[in-house]
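Worksheet: one structure, shown below.
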Amino acid sequence: MTRYLLDRAVQSVAVLAIMSVVIFWLMGLMPGDLIDLMISADPRLTPEDAARLRELHGLDLPISERYLNWLTAALSGDLGFSRLFAMPVLEAVLPALGNTVLLLGISFVLAVAIAFLSGIAAAMNQHRKLDYAINLLAFAAISIPSFWLALMMITLFSVTLGWLPASGTESVGGGGFLDKARFLVLPVLTLTIVSFGSHTRFVRASMIETLRQDYIRTARAKGAGEGRVVFRHALRNALIPVVTILALDFGFLFSGALIIETIFAYPGMGKLIFDAIMGNDYNLALVTLLFATALTLFCNLAADLAYAWLDPRISYTGDGA
Amino acid sequence: MTAAATAAPASSARHAWRRFARHRLALASVLVLALLCLLAFSAPLFELALGTDSERVNLFSRLAPPSAQAFLGTDELGRDMFLRLLEGGQVSLLVGLTAAVAAAVIGTFIGLVAGYFGGRFDAFLMRFTDGIIALPLLPLLIVLAAIDLDKLGIPAAIANSENISLYRIILIVALVGWTTVARLVRGAALSIREREYVQAAKVQGAGSWRIMRVHILPNLISPIIVATTLSVGNIILLESVLSFLGLGIQPPIPSWGNLLTNAQALISTAPLLAFYPGFLILLTVLAFNFLGDGLQDALDPRAVRRRA
């Protein structure tokens with residue numbers, strides 16, 4: 001068990017290392033480098049100046065050497081300087097990370113809660129009207145373009161009704177807890193809607209599968225009530241595959257956050273990645289992309305851990321599973 | 001022998017059709033998709049009939065309400081919204097279908113090779129697939145969409161051609177979208193290669209490629225079709241969000257995604273401009289998902305029994 005998790009952890013670190021090379025290489029393929037930007041900012045720069053600056057910043061070196069230089073600096077804690085924010089990259093990343101964790105955390109909990117309620121309700125009423133209605137809603141949620149939903153939310157709640165703010169995190173001049181909460185409502189609502197659909201379908205499928213097992217029939221036969229059968233006997237077993245899928249879905253949730261943060265001008269990691277790439281801030285883009293990758297890999301690892309913890313039948317020694 | 005061999009597929013096709021027809025939403029989806037395709041690709045006819053085209057700017061009738069001339073009104077430059085939606089639909093549908101098929105081809109190839117040869121080769125390919133699945137997709141797609149084609153050594157004549165954003169988005173989506181099909185095909189190939197008839201073919205001296213093509217692939221057609229149909233919706237969503245962010249299909253080529261980019265700025269004055277393209281995306285993606293679900297029930301009866 002420990003051995004298995006250790007293997008998986010090593011694997012995740014390896015994927016992260018490979019991704020750092022790939023992303024570094026991709027950043028080198030972005031239009032315009034630091035020096036091009038300096039030239040466009042100051043047309044008096046001569047080609048000789050440019051060559052000298054390139055040498056100064058180590059940009060004349062082959063990409064493998066540049067990567068090693070970056071890696072040594074990064075591992076010693078120097079992640080570089082953000083051109084866009086005029087501050088060290090880490091100082092720009094940390095507050096954004098906090099904002100994103102808040103947005104993702106609330107949306108995730110809400111989406112999972114809705115998914116469990118509706119998924120179980122659908123499974124208990126299979127092939128009845130309620131089941132069809134829930135299925136239809138889940139399909140609609142899976143199929144809705146998140147950016148369009150965000151725009152429609154703004155149109156309805158901010159422009160037409162004027163109930164909620166359309167962008168940012170707090171009123172000008174700062175506000176209290178309630179003020180900040182008001183700014184979170186629309187982004188959280190949008191993200192919850194676009195992510196609960198697939199979760200609901202997984203919960204429903206897993207629950208139906210579990211309810212057909214022999215031990216459920218036994219539980220019913222000995223006279224346990226339907227509620228007890230579902231919540232005491234079936235739920236824990238139905239949970240196992242669902243938990244894995246929920247954690248594996250983190251990459252999707254993060255992609256949703258990128259779109260929603262960008263539209264609602266919510267200063268989180270997703271918007272930071274987008275702004276960094278669009279603003280040619282390659283130091284920042286590199287680090288934020290790696291952060292996002294690391295976060296996703298970590299969630300996958302957590303899924304494995306939860307899987308093992310929830311299901312004692314599973315052994316990772318190689319012969320049992 | 002011939003009678004039995006020909007009768008079997010015909011009746012199984014009839015069974016499949018009966019199962020599919022029971023799925024009323026899937027049937028409705030076929031109609032909706034057929035109608036959407038018909039409308040989108042008859043855009044030139046509408047242009048002819050209305051005596052205008054999707055790119056004609058008319059600054060005297062900006063943001064005009066719906067009329068007999070412009071069924072859905074006009075946009076901020078006085079262009080006919082109905083025609084632009086049709087043209088955008090052509091692009092979005094074309095990109096969705098082409099990229100889905102391309103991704104399915106890549107996935108089938110990788111899955112088949114990994115499943116058939118097995119061993120270290122399989123382990124390596126599957127670790128690679130897991131790695132791709134574990135990545136945060138959209139941020140990486142944005143990077144891929146933003147890279148400078150000059151620096152990749154692509155000739156300027158191609159890099160600056162009008163349709164480059166179209167080819168580029170199809171390529172990018174196909175490059176990351178093959179994983180589902182690859183896993184599916186690999187799992188099936190792994191079990192089919194142990195069957196007696198495959199062993200028999202091997203003993204008779206059939207080469208690896210022939211076995212994969214003649215004995216394994218035909219058994220996998222149904223699940224591949226289902227997975228591909230289900231992926232079209234996702235791909236249309238990806239294309240539209242990238243185009244919306246300004247990184248996918250580039251104007252002047254309209255797509256449902258980039259029609260929304262302009263509409264966002266006008267959301268308080270002309271909210272309907274933002275409503276139409278998104279609603280069409282929702283309708284199309286929903287239809288593809290229902291269709292995929294119906295096909296799954298029809299073509300993969302084992303899955304039905306598991307779920308019903």
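Reminder, nothing fancy here: chain letters follow the sequence lines and each chain counts from 1. Computed from a predicted model, the values in this text were never measured in an experiment. The figures that follow rest on heavy atoms only: side chains count, while hydrogens, waters and symmetry mates do not.
Taking every heavy atom of both residues into account, B/Pro271 and A/Thr155 meet most closely at CB-CG2, 3.5 Å. Smallest separation of non-hydrogen atoms from A/Pro145 and B/Gly278: CG-O, 4.0 Å.
The side-chain heavy atoms of B/Phe244 and A/Ile263, taken from C-beta on, include a pair separated by under 4.5 Å. In this structure, A/Leu26 and B/Leu144 have side chains that are in contact, with non-hydrogen atoms separated by less than 4.5 Å. Using a 4.5 Å heavy-atom cutoff, the side chains of A/Thr296 and B/Leu135 are not in contact. Counting heavy atoms from C-beta on, the side chains of B/Asp148 and A/Leu29 never come closer than 4.5 Å. Here the side chains of B/Gln264 and A/Ile154 are not in contact, with every heavy-atom distance at 4.5 Å or above. Under the 4.5 Å side-chain criterion, counting only non-hydrogen atoms from C-beta, A/Leu151 is not in contact with B/Phe275. A/Leu258 places a side-chain heavy atom less than 4.5 Å from the side chain of B/Pro139.
Taking chain B as the reference chain and counting heavy-atom pairs below 4.5 Å, the highest number among A/Ile277, A/Val15, A/Val159 is found for A/Ile277. Considering only heavy-atom pairs separated by less than 4.5 Å from chain B, the leading option among A/Val22, A/Leu297, A/Ile259, A/Ile142 is A/Ile259. Comparing B/Ile281, B/Leu247, B/Leu282 by heavy-atom pairs within less than 4.5 Å of chain A, the highest count is held by B/Leu282.
Among the residues in residues 264-274 of chain A, those with a non-hydrogen atom closer than 4.5 angstrom to a non-hydrogen atom of chain B are A/Ile273, A/Phe274. Residues of residues 227-240 of chain B lying under 4.5 angstrom from chain A, judged on non-hydrogen atoms, are B/Leu237, B/Ser240 by number.
The part of A/Thr262 that comes within reach of chain B is its side chain, from C-beta onward, which places non-hydrogen atoms under 4.5 angstrom from that chain. Heavy atoms of B/Phe288 lying under 4.5 Å from chain A are absent altogether. There is no contact between B/Leu283 and chain A, counting heavy-atom distances below 4.5 Å.
Residue B/Phe128 places its CZ atom among 12 or fewer non-hydrogen atoms of other residues, nucleotides or ligands, all under 6.0 Å distant.
Between atom CZ of residue A/Phe139 and atom CG of residue B/Asp293 there is a gap of 4.0 Å, rounded to the nearest 0.5 Å. Taken from OG in A/Ser143 to CG in B/Asn289, the straight-line distance is 4.0 Å, to the nearest 0.5 Å. For the atom pair CG (A/Leu136) and CZ (B/Phe290), the distance works out to 4.5 Å, reported to the nearest 0.5 Å.
At least one donor-acceptor pair closer than 3.5 Å links the side chain of A/Trp148 to the backbone N or O of B/Ala274.
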Take B/Leu245 and A/Met278, measure what side-chain contact (heavy atoms from CB on, under 4.5 Å) needs, and give me the verdict at the end.
CA-CA 10 Å; B/Leu245 292 173; A/Met278 299 314 274; over 6 Å; no

